[in-house]
There are 2 protein chains.
Amino acid sequence: MSNPTLHDVARAAGVSYSTADRVLNERGGVAAKSIQRVQRAIQELGYRRDIRAANLSRRRSYRFAVFLPQGDHGFFSSLGQALLAQAEARAADRVSVTLCDPSRPDDAIREGGEWDCAALVGTESEGLAQVMAELTDRGIPAITLVSDIDGSRRGYVGIDNTVAGRTAGRLLRLAHGRGAGRILPVLGSLSLRDHRERLDGAAEVLAAPGSRLVLLPPVEVHDQPDRMRDRLDAALRADAGITGIYSIGAGNRGLIALMEAGGEGRPFVVLHELTPHSRAALERDLIDVVIDQKPAEEAARALDAMRAIADGEEPPAAVITPAIFFKENLPGVPA
Amino acid sequence: MSNPTLHDVARAAGVSYSTADRVLNERGGVAAKSIQRVQRAIQELGYRRDIRAANLSRRRSYRFAVFLPQGDHGFFSSLGQALLAQAEARAADRVSVTLCDPSRPDDAIREGGEWDCAALVGTESEGLAQVMAELTDRGIPAITLVSDIDGSRRGYVGIDNTVAGRTAGRLLRLAHGRGAGRILPVLGSLSLRDHRERLDGAAEVLAAPGSRLVLLPPVEVHDQPDRMRDRLDAALRADAGITGIYSIGAGNRGLIALMEAGGEGRPFVVLHELTPHSRAALERDLIDVVIDQKPAEEAARALDAMRAIADGEEPPAAVITPAIFFKENLPGVPA
DNA sequence: AAGAAAATGATTGACGTGTTTCTTTTTCCG
DNA sequence: CGGAAAAAGAAACACGTCAATCATTTTCTT
């Protein structure tokens, strides 16, 4: 039989449907002997519960919360949009997503929210620990996005930031051929785990045998475009030998503006996240490489993982391979 | 109402459930006026049929066929495995996949197969046109994978091969810095559309202003490792100035063997598809870059598209962004 | 062995849609 | 106006599971 039902299982086990159901759904009150017989029948028949029928019956819906920092941050907003778009696309599966601001712990939405799973974007913001505690308190499982967090969580969806850093390092080395150079890393803050990991990854490759590149001490710009512009400008003036820039975090508008003003002979620039700004900068040869973590895919995987958890399964491993964009391989604008 | 049912629609339209059903499923025998009223109600309530309930009711299953060239071709076999694995993962959605050999037109499987949708891997093989005719004949919709095909098909899932070629070109330019060089393209056959597109993409970038690279005439090796090795060996001996190789198709075991034997001072090598061989070669510094079209993702998108078509929807656009792998950013071995 | 407790069986009505059959109402046409 | 045809309604069963209730049987306890 291609698709045995629970009735078939019950028959094969020599018990009633009720008993099979009690075993399957762990309702208790079943003799050990019967449990074994049912489980064996499940094994032998290769029974798998029809999730569609089950969800239909229990009027199941998937209510997910995503705690996403708000504000002027291109990547986060596009991740938010991708999440909402994905939820819309899965409306037939009764998936809904609520975006929450982690920095407002007493958010009304959060008060009333009854969620089946939550996702935390792992920037070490103030409210996040509080949110985690609250979720644990209420027994709501959580995964992390973008950057991992220590603590009890059920899975991580996002890129491997160390690998991303290594990628940047490799690209910088490629761009320098056999020549020497000085690379300036710019990041939001050293206290952010994802930034630190990227920096470490890059450092590893730049320090490897055969490299004639030097990684300078990182500049912290707190993801702010103006600060990015000022600090970077100062650093470039102070050290005329800088041949490469690795922008690890956000605030790249400031970097791009500087490159635009800078004239020819600019350093080789690698940065993260494909946004309208960075895309335009690539096209205009103001920067060289964009490493993108593909918010759309990340959103899809995040919902997959949260759904699996809500269904009581193990979330699938979801390490996203970041995309590398040059001027020449930009994706077509979706029609 | 969050999730209106067809009953709700019927009530809102002031007709019976039967009539609403007749309109929804286009069974005919409904007055134009009623059709309009029902459709308006669907619009206003934002009704969407619950596909799970619908599938449950009609005992729906998704039976897909994939026509995949067999034989000693790492990528195709990993794509095949990925497809089967994906089907297994979606067993709960009643998805099943049958792999067929396009070069055996009288295959027993193919004879008896009743499929809801098919996928054709678009290598211009002999049997493929016949398969397409057969499918059209039977009214089975089809999509293309890996390489597009002209003709009546409902969608394409895979990478943009022209963009992939441009990517290779850009990487080769990067690797040469401002220096000059001669690039040797190696491909299966110029009659294969995907190979041609990749070559064109690379040519475009290598011929762009500022480039000091020359793209040599392509060598055809018909995806065979020994031929790859022989032809490539001959070409490298004939032209000592070759500084880069772009391997567009398969048969890379021959290339890798040659690089291994070749000693130091080898050219910069870009090739396609991450396989155990190419991975090992990257790790051992025998080649430099692998452009991968991610068979697992391709399989997932292919099933998404086929399912959408089987459900009578428009398949989602699925242009996959190829991954670029260096030695430094190889994905971890899945645990 | 009687009674309590535990285990099991039997049955029922959802969930939202598909599908069929049969009846009733409306519309059309000569 | 009468009859046929078209349109609409009503009802039932199915799909596989969940969840609850109630009746029955088995097992355990004293």
Side-chain angles (χ1 to χ4, degrees), chain A residues 1-39 41-42 45-62 90-95 116 310-313, chain B residues 1-39 41-42 45-62 90-95 116 310-313:
Chain A
M1 193 172 322
S2 62
N3 287 318
T5 74
L6 194 50
H7 275 109
D8 300 325
V9 170
R11 201 177 316 124
V15 301
S16 70
Y17 179 87
S18 311
T19 300
D21 172 66
R22 286 192 259 255
V23 173
L24 184 65
N25 294 322
E26 293 170 335
R27 298 185 206 277
V30 182
K33 197 178 65 176
S34 299
I35 293 183
Q36 288 200 342
R37 290 170 66 183
V38 170
Q39 284 176 338
I42 287 178
L45 295 185
Y47 168 79
R48 9 194 4 159
R49 144 207 262 132
D50 185 327
I51 301 187
R52 292 204 250 57
N55 286 349
L56 178 61
S57 167
R58 47 157 89 105
R59 280 203 208 84
R60 184 80 159 95
S61 66
Y62 299 93
R90 299 182 191 209
D93 289 335
R94 307 272 184 261
V95 170
D116 300 302
D311 281 340
E313 300 165 11
Chain B
M1 195 171 323
S2 63
N3 286 319
T5 75
L6 195 50
H7 277 108
D8 300 325
V9 170
R11 200 178 317 123
V15 301
S16 70
Y17 178 86
S18 313
T19 301
D21 173 67
R22 286 191 258 257
V23 173
L24 185 64
N25 294 322
E26 293 169 335
R27 298 186 207 277
V30 183
K33 198 178 64 176
S34 298
I35 294 183
Q36 289 200 342
R37 290 170 67 184
V38 171
Q39 284 177 338
I42 287 178
L45 293 186
Y47 168 79
R48 11 193 1 160
R49 142 206 264 133
D50 185 326
I51 300 187
R52 286 202 255 54
N55 286 348
L56 178 61
S57 166
R58 45 157 91 105
R59 273 209 209 85
R60 183 81 159 95
S61 67
Y62 298 93
R90 300 183 191 209
D93 289 335
R94 305 274 184 258
V95 169
D116 300 302
D311 281 340
E313 299 165 11

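In this text the structure is predicted, and so the values were computed from the model without any measurement. Order of the sequence lines sets the chain letters (A, B, ...), proteins ahead of strands, with each chain counted from 1. In what follows, every heavy atom counts, from backbone to side chain, and hydrogens, waters and symmetry copies are set aside.
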> Rounded to whole angstrom units, what separation is found between the CD1 atom of I35(B) and the P atom of dA6(D)?
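The distance from CD1 of I35(B) to P of dA6(D) comes to 15 Å, rounded to the nearest Å.
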> What closest approach, in Å, do A91(A) and R48(B) show between heavy atoms, and which atom pair accounts for it?
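Here A91(A) and R48(B) meet closest at CB-NH1, 3.7 Å.
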> Start at the 5' end of DNA chain D and walk down; is the nucleotide closest to R94(B) or to K33(B) reached first?
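Its nucleotide being nearer the 5' end, the pick is K33(B).
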> In this structure, how many angstroms lie between the P atom of dG13(C) and the CG atom of L56(A), rounded?
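Rounded to whole Å, this separation is 18 Å.
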> Round to the nearest Å and state the distance from D8(B) atom CG to dG16(C) atom C1'.
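Computing the D8(B):CG to dG16(C):C1' distance gives 10 Å.
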> Five pairs per end, C1' atoms only: what is the angle between the end axes of the helix from dA1(C)-dT30(D) to dG30(C)-dC1(D), to 10 degrees?
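Axis-to-axis angle, ends of the helix: 30°.
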> Check this for me: does any side-chain nitrogen of one of D8(A) and R11(A) sit under 4.0 Å from a carboxylate oxygen of the other?
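Salt bridge between D8(A) and R11(A), a charged N being under 4.0 Å from a carboxylate O: yes.
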> Considering all heavy atoms of both residues, which atom of A41(A) and which atom of A13(A) are nearest to each other, and what is their separation?
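Scanning both residues completely, I find the closest heavy atoms to be CB-CB, 3.9 Å.
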> Start at the 5' end of DNA chain D and walk down; is the nucleotide closest to A31(B) or to R52(A) reached first?
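Whichever sits nearer the 5' end wins; that is A31(B).
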> Considering all heavy atoms of both residues, which atom of L6(B) and which atom of A20(B) are nearest to each other, and what is their separation?
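Result for this residue pair: CD1-CB, 4.0 Å.
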> The test is side-chain contact (heavy atoms from CB on, under 4.5 Å); show your working for Y62(A) and N55(A) and say whether it passes.
CA-CA 10 Å; Y62(A) 299 93; N55(A) 286 349; 3.1 Å; yes
> Do the side-chain N or O atoms of S16(A) get closer than 4.0 angstrom to the phosphate oxygens (OP1, OP2) of dT8(C)?
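Checking S16(A) against dT8(C): no side-chain N or O falls below 4.0 Å of OP1 or OP2.
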> So that I can tick it off, tell me whether D50(B) and R94(A) are bridged by a salt bridge, with the cut-off set at under 4.0 angstrom between side-chain N and carboxylate O.
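Counted as a salt bridge, because a side-chain N and a carboxylate O are separated by less than 4.0 Å.
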> Which residue in the set V23(A), V30(A), L24(A) passes side-chain contact (heavy atoms from CB on, under 4.5 Å) when paired with V38(A)?
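The side-chain contact (heavy atoms from CB on, under 4.5 Å) with V38(A) is passed solely by V23(A) among V23(A), V30(A), L24(A).
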> Atom CG of N3(A) and atom C1' of dT17(D): how far apart are they, to the nearest Å?
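Taking atom C1' of dT17(D) as the reference, CG of N3(A) is at 14 Å.
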> Report the distance from atom CZ of R37(A) to atom P of dA7(C), rounded to the nearest whole Å.
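Computing the R37(A):CZ to dA7(C):P distance gives 15 Å.
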> Look up atom OG in S16(B) and atom CZ in R22(B), then write down how far apart they are to the nearest 0.5 Å.
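Spacing of OG (S16(B)) from CZ (R22(B)) equals 6.0 Å.
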> Quickly work out the L45(B) CG to dG16(C) C1' distance and round it to whole Å.
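So the two atoms are 15 Å apart, to the nearest Å.
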> Rounded to the nearest angstrom, tell me the gap between atom CG in D50(A) and atom C1' in dC15(C).
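Between C1' of dC15(C) and CG of D50(A): 13 Å.
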> Distance only, no hydrogens: is a donor on one side chain within 3.5 Å (strictly under) of an acceptor on the other, for N3(A) and Y47(A)?
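Side chains of N3(A) and Y47(A): no pair found under 3.5 Å.
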> Atom CD1 of I42(A) to atom C1' of dT17(D): distance rounded to whole Å?
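Spelled out: CD1 on I42(A) to C1' on dT17(D) is 13 Å.
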> Report, as a single string ordered 5' to 3', how protein heavy atoms within less than 4.0 Å touch nucleotides 18-23 of chain C: B base, S sugar-phosphate only, - not at all.
BB----
